[in-house]
2 protein chains.
Amino acid sequence: MSGEDNLLRLVEAEDGDENNYHLQDQVGFILRKAHQRHVSLFAAHIADLTPPQFAALAKLYDIGETSQNQLGTLIAMDAATVKGVIDRLKARGLVEVSKHEVDKRRLLVNLTPEGREAIERLIPLARTITEETLAPLTAKEAATFLRLLAKLA
Amino acid sequence: MSGEDNLLRLVEAEDGDENNYHLQDQVGFILRKAHQRHVSLFAAHIADLTPPQFAALAKLYDIGETSQNQLGTLIAMDAATVKGVIDRLKARGLVEVSKHEVDKRRLLVNLTPEGREAIERLIPLARTITEETLAPLTAKEAATFLRLLAKLA
DNA sequence: CTGATATCATTTGCATACGAATGAATTTGA
DNA sequence: TCAAATTCATTCGTATGCAAATGATATCAG
């Protein structure tokens, strides 16, 4: 086999694998699509709340009253984003805010009775959403996937 | 052991595993965080383009001129979103649009020479971003992860 | 004690993301 | 053929998501 033959194979035969860039194989692109699919499944089961809003309620239900800033850290939202989420939950009467007695910079956030009722009602639906999101995988695959995904997050 | 004891174990001892809802273990929440991390890595390497903008350029580079609608399908964006992305790329001179000769509903989109130059320059950086995103995993884990992620997307 | 830093919240601006409504153009089907 | 259905693009409204700037408060260091 001549050197020209090797070169030809390099630039033509292997081109599809080695040199071409396939968007649909990139982890970022697939991650974005998987996230989109999950949001869509979420909306199909919980129409009146977004995943970030649900996350805020679920975390407040878990840990109780906390500052807006701390809540943002716990649910992976920056300060500007969490403010919008809390504003909308407050407008719907699901959370209430108050000033921190000692540290006047802090805004405390807590569930209202309506918010507590809502999150207790929605958690079973959230479990279903998790199941449906992972439905294309076997139980073993799902466990592996969650373990690896957590390493990336 | 009394029935009361079993009830107690059910509601207290096993509560942490069976009945509590842990947001940080839910696939949707971790998926959102992994996606956030990827976007952050992307921005660190490609500051002047967003992942959706890059996706549009990469796909046009791959397949050549196509309709705005078809492009949206290929890069998983609805019509409203893709319009905004194309508008911004057009404003920066990276793509150009024209009317379809036969089907007057369609808006054809194509790379400009500047757009082609940009995507050729950026693809190596995108490969680096993919590597960094997957860096917490071994090569074998990364292959497994991509296979399972693709099933969910 | 006080000036420099750091933290918390807010605001603004820009960029996805999607549902719903609308209008123009095309295709289908009776 | 022609009315109904479909497709393509646009627009509007709402909701993240983040960078950067700002103001108020708290903490730290000399």
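A, B, ... follow the sequence lines: proteins, then strands. Residue 1 opens every chain.
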Quick one: are Gln26(B) and Ile129(A) in side-chain contact, heavy atoms under 4.5 Å?
no

Can you tell if the side chain of His100(A) reaches within under 4.5 Å of the side chain of Arg105(A), non-hydrogen atoms only?
no

All N/O pairs under 3.5 Å across the protein-nucleotides 2-4 of chain D interface:
none

Separation of dT16(C) atom P from His38(B) atom NE2, nearest Å, is 14 Å

For the helix from dC1(C)-dG30(D) to dA30(C)-dT1(D), how many degrees between its two end axes (five pairs per end), to the nearest 10°?
20°

Protein N or O to nucleotides 14-17 of chain D N or O, pairs below 3.5 Å:
from    : atom 1 : to       : atom 2 : distance (Å)
dT16(D) : OP1    : Thr50(A) : OG1    : 2.6
dT16(D) : OP2    : Gln53(A) : NE2    : 3.1
dT16(D) : OP2    : Arg88(A) : NE     : 2.7
dT16(D) : OP2    : Arg88(A) : NH2    : 2.9
dT16(D) : O5'    : Arg88(A) : NH2    : 3.1
dG17(D) : OP1    : Arg32(B) : NE     : 3.3
dG17(D) : OP2    : Arg32(B) : NE     : 3.0
dG17(D) : OP2    : Arg32(B) : NH2    : 3.2

Grouping ILVMFWY residues whenever side-chain heavy atoms fall under 4.5 Å, the cluster of Val39(A) otherwise contains none

What is the distance, rounded to the nearest whole Å, between atom NZ of Lys90(B) and atom P of dA9(D)?
12 Å

Asn110(B): what forms a side chain to side chain contact (heavy atoms under 4.5 Å, CB included) with it, not counting sequence neighbours?
Glu65(B)

Using atom types as modelled, flag every donor-acceptor pair under 3.5 Å from a side chain in residues 42-60 of chain A to any protein atom, sequence neighbours excluded.
from     : atom 1 : to        : atom 2 : distance (Å)
His45(A) : NE2    : Glu132(A) : OE1    : 3.0
His45(A) : NE2    : Glu132(A) : OE2    : 3.0
Thr50(A) : OG1    : Gln53(A)  : N      : 3.2
Gln53(A) : OE1    : Thr50(A)  : N      : 3.1
Lys59(A) : NZ     : Gln24(B)  : OE1    : 3.4

Asp87(B) CG - dA17(C) P separation (whole Å)
15 Å

By the salt bridge (charged side-chain N to carboxylate O under 4.0 Å, His left out) test, which pairs, at least two apart or in different chains, include something from residues 133-153 of chain A?
Glu141(A)-Arg147(B), Glu141(A)-Lys151(B), Arg147(A)-Glu141(B), Lys151(A)-Glu141(B)

Rounding to an integer number of Å, can you tell me how far Leu108(B) CG sits from dA9(D) P?
8 Å

Give every pair of a protein N or O atom and an N or O atom of nucleotides 5-8 of chain C that lie under 3.5 Å apart, one pair per line with the distance.
from   : atom 1 : to        : atom 2 : distance (Å)
dT7(C) : O2     : Arg105(A) : NH1    : 2.8
dC8(C) : OP2    : Asn69(A)  : OD1    : 3.4

Expressed as a whole number of angstroms, how long is the span from Phe29(A):CZ to dT16(C):P?
14 Å

For the residue pair Ala153(A) and Lys33(B), what are the closest heavy atoms and their distance?
CB-CB, 3.8 Å

Please report, rounded to the nearest Å, how far the P atom of dC14(C) is from the CG atom of Leu89(B).
17 Å

Name each donor-acceptor pair under 3.5 Å that joins a side chain in residues 114-121 of chain A to protein atoms two or more places apart or in another chain, with its distance.
from      : atom 1 : to        : atom 2 : distance (Å)
Glu114(A) : OE1    : Thr112(A) : OG1    : 3.2
Glu120(A) : OE2    : Tyr61(A)  : OH     : 3.0

Indicate yes or no for a side-chain donor-acceptor contact from Gln68(A) to the backbone of Leu108(A) under 3.5 Å, with no hydrogens or angles considered.
no

Just the rounded figure in Å: distance from P of dT10(D) to NZ of Lys99(B).
11 Å

Output the rest of the hydrophobic cluster of Leu146(B): all Ile, Leu, Val, Met, Phe, Trp and Tyr residues reachable through side-chain heavy-atom contacts under 4.5 Å, sorted by chain and number.
Val27(A), Ile30(A), Leu31(A), Leu134(A), Leu137(A), Phe145(A), Leu146(A), Leu148(A), Leu149(A), Leu152(A), Val27(B), Ile30(B), Leu31(B), Leu134(B), Leu137(B), Phe145(B), Leu148(B), Leu149(B), Leu152(B)

Contact check, residues 116-124 of chain B vs DNA chain C, heavy-atom distance under 4.0 Å, returns none

Any chance you could pull the hydrophobic cluster mates of Leu74(B), using side-chain heavy atoms under 4.5 angstrom and chaining through other members?
Ile63(B)

Check every strand shown and say whether Val102(A) touches a base, only sugar-phosphate, or nothing at a heavy-atom separation below 4.0 Å.
sugar-phosphate

Student check: side-chain heavy atoms of Asp78(B) and Val82(B) closer than 4.5 Å
no

Distance-only, no hydrogens or angles: does the Arg37(B) side chain make a donor-acceptor pair with backbone N or O of Thr133(B) under 3.5 Å?
yes

Would a distance-only check, ignoring hydrogens and angles, find a side-chain to backbone donor-acceptor pair under 3.5 Å from Arg32(B) to His35(A)?
no

Does Leu89(A) reach the side chain of Val85(A), with side-chain heavy atoms less than 4.5 Å apart?
yes

For DNA chain C, whose closest nucleotide is more 5', that of Ala79(A) or that of Ser40(A)?
Ala79(A)

Using side-chain heavy atoms (C-beta onward) and a distance below 4.5 Å, is Lys90(A) in contact with Val97(A)?
yes

Whole-Å distance between dA15(C) C1' and Leu94(B) CG?
16 Å

